[in-house]
Amino acid sequence: MENLKSFFYLKLFFISIIGALTIGLISLYYLVRISDLAVENYRYGYLMYIAKAIEKSNNYRPISKINVNKVNAPPAPTGGALNLLKITEFGPDLGENEQDNPPKLSLWLVGQEGTILSSTTAADLPIEWKELKLPKKIHEIVMNEIKFGLGPKTFVIKLDTTPGTYLISHNARALFQGPYLIIQGTHTFTTAALAVFIALSISFYYLRKKSHEEQLVSGRLVKRLKDTEISRSNLLQELGHDLRTPLTSLNTAFETMREHSDVLSFEERNELFSMIATDIRYFKDLLEKLTLISTIDGPHYKSSTEKIHLSTLLENEIQSRKVATGESLEWKLIVGENSSPVILGDSHLITRLFRNAFDNAARYATEMITININDLKDQVEILIQDDGPGLTHETLETFGKRRERRHRKEKGPENFSLGLGSIIMKTIAQVHGGQLEILNLMKSGEIQGACLKVTFQKL
């Protein structure tokens, strides 16, 4: 892992250097171009000064007798303008005392056919005469440049002489000349290197954080699936044994009806039919619960893991309850300010959990059921409170556990409970990384109702 991180940082470093070098070169290119524009007026004035001197000499002697090497150059500028000149083609010829050492360019006085009449250097023209771009108007200046504007420039100005002539100026220069350019280039490169490195570092840490979050979510899913399989298998094994009791009861009733139907009284036959109907309903309810438990780890559950906004889910479910119960019960949802907790799971199963919880609360509540959503640091807590008589000690002890026998509910002699509701709720909570707890609400030493507390890990 450490070697991988070292390799990544080394790669990040080289990417930063390459990026900074690219940005630095682009910056230097535009710096040179801008500096050329800054001295454009001086360059034009310089060449016009020489051109006027040649044209004035041509009034009293032939153009072929004029030597541009003896034409005095204009005085060099001072102050800020001089600093700009140091990074242009004039820079190399400026000495320590700029006023005493004015810039000297390579100059050629050329006839219309390309014949060199005089020059300040023994070198040939920097560009072949046929390849030069020539001005068409008197005192017009045309620039000839190569290498994307970073190489030496050649300027041609058309003189007002008889016969017609051209003044050509040229001075070789290097891209990285002058202290100002070096300082600016170093500053640009350093700034660009830091900017690129910081940007890449931020991106790296952001992606690393997201990767860590994905690992946590994946680990949570794997653990949840393992816990689901263990809980589901254990519960199905226990419920399988429950099939023996109704099967035995049905078999006994059937044998009695077959062997002794002629001697049974009307009341005895009705009692047997009632037992058979009860066992059939038991089978139906048991199969429904078994189907639900088996789907907790089924393909539907695995493929439907999603983000669940608990506030929205509970609000919708409570609204349905209000319509169903009418004015017989008051439902109250309390959500903290700026609270919008999100968990990861199956919305179908989470809805089933709270429906069972609301069914239990509605069965015992007198007037009101209150649901509180508490958004904690890493968890979300849901409290479902009713104002009923509370729960017995036995019910509190056996909540979420498998009961040995089925028992009848309070309403109606044929209504019974398999004792699976709390187990299903607890199993759904556990496979979603949550917990379930039931307790009585106490006030002044008296029971004021029951409270179901459901806790989930936030996403």
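Side chains of Glu306 and Ser347: a donor-acceptor N/O pair is present below 3.5 angstrom, by distance only. Between Ser106 and His170, the side chains place no donor N or O within less than 3.5 Å of an acceptor N or O (distance only, hydrogens not considered).
The shortest side-chain heavy-atom distance between Ile168 and Phe155 does not fall under the 4.5 Å cut-off. Considering only heavy atoms from C-beta on, Leu272 comes within 4.5 Å of Met257 through its side chain. Considering only heavy atoms from C-beta on, Leu314 comes within 4.5 Å of Ile373 through its side chain. Between Leu132 and Thr154 the shortest side-chain heavy-atom distance falls below 4.5 Å. Looking only at side-chain heavy atoms (C-beta outward), Glu330 and Glu367 stay at 4.5 Å or farther from each other. No side-chain heavy atom of Thr370 sits less than 4.5 Å from a side-chain heavy atom of Trp331. At a threshold of 4.5 Å between non-hydrogen side-chain atoms, the residues Ile308 and Leu313 count as touching.
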Under the criterion side chain to side chain contact (heavy atoms under 4.5 Å, CB included), I'd like the reasoning laid out for Leu349 against Thr351: C-alpha separation, chi angles, the key distance, then a yes or no. CA-CA 5 Å; Leu349 294 179; Thr351 301; over 6 Å; no

Could you please spell out the steps behind the side chain to side chain contact (heavy atoms under 4.5 Å, CB included) verdict for Leu329 and Ile369? CA-CA 7 Å; Leu329 280 178; Ile369 296 175; 4.1 Å; yes

With side chain to side chain contact (heavy atoms under 4.5 Å, CB included) as the criterion, how do Leu310 and Val342 come out once you've worked through the C-alpha distance, each side chain's angles and the decisive distance to 0.1 Å? CA-CA 6 Å; Leu310 285 178; Val342 177; over 6 Å; no

Going through the distances and angles, do Phe456 and Ile382 end up as a side chain to side chain contact (heavy atoms under 4.5 Å, CB included)? CA-CA 9 Å; Phe456 292 110; Ile382 300 96; 4.1 Å; yes

I would like to know whether Arg352 and Asp346 meet salt bridge (Lys or Arg N to Asp or Glu O under 4.0 Å); could you show each step before the answer? CA-CA 10 Å; Arg352 181 60 184 265; Asp346 184 279; over 6 Å; no

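Residues Glu381 and Thr455 come closest through the heavy atom pair CG-OG1, 4.4 Å. Scanning both residues, Leu344 and His432, for their nearest heavy atoms gives O-CD2, 3.7 Å. For Asp262 against Glu259, the heavy-atom pair with the smallest separation is OD1-O, 4.1 Å. Across all their heavy atoms, Phe399 and Ser422 have their closest contact at CE1-CB, 3.4 Å. Scanning all heavy atoms of the two residues, the minimum distance from Glu268 to Val263 falls at OE1-O, 4.4 Å. In this structure, Ala361 and Asp386 approach most closely via the heavy-atom pair O-CB, 3.9 Å.
For Asp387 (side chain) and Ala365 (main-chain N/O), no donor-acceptor pair under 3.5 Å exists by modelled atom type. Judged by distance alone, with hydrogens and angles left aside, the side-chain atoms of Glu140 form a donor-acceptor pair with the main-chain N or O of Lys137 at under 3.5 Å. Under a 3.5 Å cut-off, the side chain of Arg269 and the backbone N or O of Leu264 do form a donor-acceptor pair.
Between atom NE2 of residue His348 and atom CG of residue Leu353 there is a gap of 12.0 Å, rounded to the nearest 0.5 Å. The structure places CG of Asn356 at 7.0 Å from CD1 of Ile428, a figure rounded to the nearest 0.5 Å. Considering CD1 of Ile157 and OH of Tyr44, their distance stands at 6.0 Å, rounded to 0.5 Å. Rounded to the nearest 0.5 angstrom, Leu452 CG and Met425 CE are separated by 5.5 Å. Remark: Gln379 CD to Ile343 CD1 distance equals 12.0 Å, nearest 0.5 Å. Between the CD atom of Glu315 and the CG atom of Leu333 there is a distance of 6.5 Å, given to the nearest 0.5 Å.
Between Lys458 and Asp375 there is a salt bridge, since at least one side-chain N of the basic residue sits less than 4.0 Å from a carboxylate O of the acidic one.
Residue-environment remark: NZ (Lys322) exceeds the threshold of 12 foreign heavy atoms within 6.0 Å.
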Contacts under 3.5 angstrom, residues 434-449 side chains, donor-acceptor by atom type, not counting sequence neighbours:
residue, atom, partner, partner atom, Å
Glu437, OE1, Lys453, NZ, 3.4
Asn440, OD1, Leu391, N, 2.8
Asn440, ND2, Leu391, O, 3.0

